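Working notes, structure below.
Being a predicted model, the structure only gives us computed values, none of them experimental. For the numbers below, each heavy atom of this structure counts, side chains included, while hydrogens, waters and symmetry mates do not. Proteins come first, then strands; the chains are lettered A, B, ... in the order of their sequence lines, and each starts at number 1.
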There are 2 protein chains.
Amino acid sequence: MAHITAGVEYALHCLLWLVDSPGAPLSSRDLADFQGISPSFLAKVFPKLEKAGIVASSEGVRGGYRLAKRPEAISVLAVVDAIEGEKPLFDCQEIRGRCAAFGGRPPAWATKGVCAIHAVMLRAEKAMRDSLESQTLADIAGTLERKMPPEFSEEVRRWVEERTEARIRGKA
Amino acid sequence: MAHITAGVEYALHCLLWLVDSPGAPLSSRDLADFQGISPSFLAKVFPKLEKAGIVASSEGVRGGYRLAKRPEAISVLAVVDAIEGEKPLFDCQEIRGRCAAFGGRPPAWATKGVCAIHAVMLRAEKAMRDSLESQTLADIAGTLERKMPPEFSEEVRRWVEERTEARIRGKA
DNA sequence: CATAACGCGGACTATAATGATCCGCGTTAT
DNA sequence: ATAACGCGGATCATTATAGTCCGCGTTATG
Ligand code: FES
Ligand code: FES
């Protein structure tokens with residue numbers, strides 16, 4: 001199990017599609033089907049992004065999600081925190097106070113402030129978070145656009161169209 | 001569950017005691033009892049440190065562990081890797097290749113190299129690891145020594161003595 | 001030489017988190 | 001009225017962590 005889970009990977013990949021589709025909102029089902037991931041699981045991910053103010057939702061038929069901010073204003077850290085809930089890199093058990101030499105009542109000097117080991121972990125966590133905060137959705141989208149051939153956007157548009165038509169056909 | 005687990009906290013706290021006891025080796029049982037943590041669990045942690053070349057073991061009665069290197073040569077990163085086994089911060093599921101627009105056969109440009117999102121995570125992981133690598137056991141020991149009153153080392157020595165005597169008494 | 005304190009490693013358990021599914025409710029375009 | 005939406009709760013399977021237990025080989029000590 002990794003610290004940054006699959007939910008974040010799903011979320012970021014979805015957000016990238018939202019960057020390229022500033023018009024009509026996209027439904028979480030379509031986003032899931034389009035990327036070959038679990039629709040039910042993605043449906044649990046998006047409300048977290050909405051609560052964090054990263055996406056805005058519209059209910060009802062033809063509803064779905066769109067970005068609530070400009071891509072440059074959405075850092076990767078914000079997405080990670082939205083999904084993971086600011087869980088710490090390291091969970092200190094405060095063993096320092098349990099030393100047998102204290103006999104149950106640890107002196108003040110032993111438990112005052114943050115344990116030196118814990119402090120090292122907090123510095124490492126901050127380094128990680130600073131790195132994540134320095135990258136925005138726009139940065140990633142830019143990198144990807146340089147890899148993608150220009151005609152691919154057109155292919156994607158066609159796929160979405162076909163899916164909409166398929167729904168109408170299924171109805172008839 | 002945190003990425004850096006309790007095993008690392010236990011290991012580092014034990015290693016700090018080993019720094020202060022360069023003479024006779026300390027047994028994992030004594031280290032556990034002294035710190036109020038599970039002896040059976042600590043017995044699973046130390047072999048990992050030994051395999052990583054951080055501590056050296058001596059078997060038989062009066063055996064135990066001592067540091068295999070100078071404290072300045074033991075980075076926190078080395079301890080984390082020894083316990084956690086270099087597990088990644090983020091575990092990419094390679095969803096980018098599953099896009100429905102590819103129809104099962106993703107083109108080369110889509111799967112070539114590392115995904116832009118994965119790359120961001122790898123940079124964050126590197127930042128974390130660099131931070132952990134920059135801190136050594138000696139650094140932490142130094143910080144701790146500044147907090148600890150000078151008479152405490154004496155108290156610890158006495159505790160170890162009493163425990164040895166208790167073992168002899170228990171035998172008689 | 002017998003014993004007890006060691007390290008070592010495998011099997012095992014309990015608990016929690018993750019990834020994922022299913023269902024029912026309220027909303028809304030058609 | 002219907003079907004496509006988002007929303008939230010309940011539930012499940014799998015996996016990782018934390019912890020236990022037991023038996024084996026080694027070694028100082030009496
Ligand atoms: S007590 Fe938790 S890291 Fe020292
Ligand atoms: S495919 Fe895993 S992060 Fe993009």
Side-chain angles (χ1 to χ4, degrees), chain A residues 1-11 14 24-33 36-51 55-66 68 83-85 87-88 90-91 93 95 163-172, chain B residues 1-11 14 24-33 36-51 55-66 68 83-85 87-88 90-91 93 95 163-172:
Chain A
M1 215 173 328
H3 185 248
I4 299 181
T5 61
V8 175
E9 181 172 2
Y10 296 169
C14 288
L26 296 180
S27 77
S28 73
R29 290 162 174 91
D30 280 359
L31 282 166
D33 290 345
I37 61 182
S38 155
S40 6
F41 184 62
L42 199 60
K44 310 240 77 172
V45 166
F46 264 98
K48 296 180 186 175
L49 294 174
E50 205 248 329
K51 281 180 189 61
V55 298
S57 67
S58 40
E59 289 198 336
V61 188
R62 297 267 174 156
Y65 297 97
R66 62 211 151 69
I83 308 293
E84 310 284 5
K87 76 176 165 191
F90 171 74
D91 176 25
Q93 313 286 135
I95 22 179
R163 152 160 285 239
T164 310
E165 283 173 29
R167 269 202 282 267
I168 296 170
R169 279 201 308 276
K171 189 184 184 179
Chain B
M1 212 171 331
H3 186 246
I4 299 180
T5 60
V8 174
E9 181 172 2
Y10 296 169
C14 287
L26 296 180
S27 78
S28 74
R29 289 162 176 89
D30 280 359
L31 282 165
D33 290 346
I37 62 182
S38 155
S40 5
F41 184 62
L42 199 59
K44 314 238 73 174
V45 166
F46 264 99
K48 296 180 186 175
L49 295 174
E50 207 248 328
K51 281 179 190 61
V55 299
S57 67
S58 39
E59 289 198 334
V61 189
R62 296 269 174 155
Y65 297 96
R66 63 212 148 67
I83 308 294
E84 310 283 6
K87 74 174 167 193
F90 170 74
D91 176 24
Q93 312 286 137
I95 21 178
R163 150 160 286 238
T164 310
E165 284 173 28
R167 270 202 282 266
I168 297 169
R169 280 201 306 275
K171 191 182 179 179

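As rounded to whole Å, 7 Å separates atom P of dT17(D) from atom CD of Glu84(B). Atom-to-atom, NE2 of His3(A) to P of dG19(C) comes out at 12 Å; the value is rounded to the nearest Å. Across the protein-nucleic acid pair, Leu42(B) atom CG and dA18(D) atom P stand 13 Å apart, rounded to whole Å. Atom CG in Asp91(A) sits about 12 Å away from atom C1' in dT17(D), given to the nearest Å.
Regarding contacts with the backbone of dG6(D), every side-chain N or O of Lys51(A) stays at 4.0 angstrom or more from both OP1 and OP2. Contact annotation: Ser28(B) does not reach the phosphate of dC6(C) (side-chain N/O to OP1 or OP2, under 4.0 Å). Look at Lys87(B) and you'll find a side-chain N or O under 4.0 angstrom from OP1 or OP2 of dT17(D). OP1 or OP2 of dA17(C) has not a single side-chain nitrogen or oxygen of Thr5(A) nearer than 4.0 Å. Phosphate contact (OP1/OP2 of dC7(D), side-chain N/O of Ser57(A), threshold under 4.0 Å): present.
When the nearest nucleotides of DNA chain D are assigned to Val61(B) and Gln93(A) by heavy-atom distance, the more 5′-ward of the two goes with Gln93(A). Between Gly7(B) and Glu59(A), the residue anchored nearer the 5' end of DNA chain D, judged by the nucleotide with its closest heavy atom, is Glu59(A).
Consecutive Watson-Crick or G-U pairs involving DNA chain C, each under 3.5 Å on both distances, make up stems of three or more pairs at C:1-30 with D:1-30.
With Val55(A) as the partner, the side-chain contact (heavy atoms from CB on, under 4.5 Å) test is satisfied by one option alone out of Glu50(A), Lys48(A), Arg66(A): Glu50(A).
Within the nucleic acid shown, Tyr65(B) comes within 4.0 Å of sugar-phosphate atoms alone, with no base atom in reach, counting heavy atoms only. No contact: Lys48(A) has no heavy atom under 4.0 Å from any strand.
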Measure all distances between protein nitrogen or oxygen atoms and nitrogen or oxygen atoms of nucleotides 19-23 of chain D, and list the pairs falling under 3.5 Å.
residue : atom : partner  : partner atom : Å
dG19(D) : OP2  : Tyr10(B) : OH           : 3.2
dT20(D) : OP2  : Ser38(B) : OG           : 2.5
dT20(D) : OP2  : Ser40(B) : OG           : 3.2

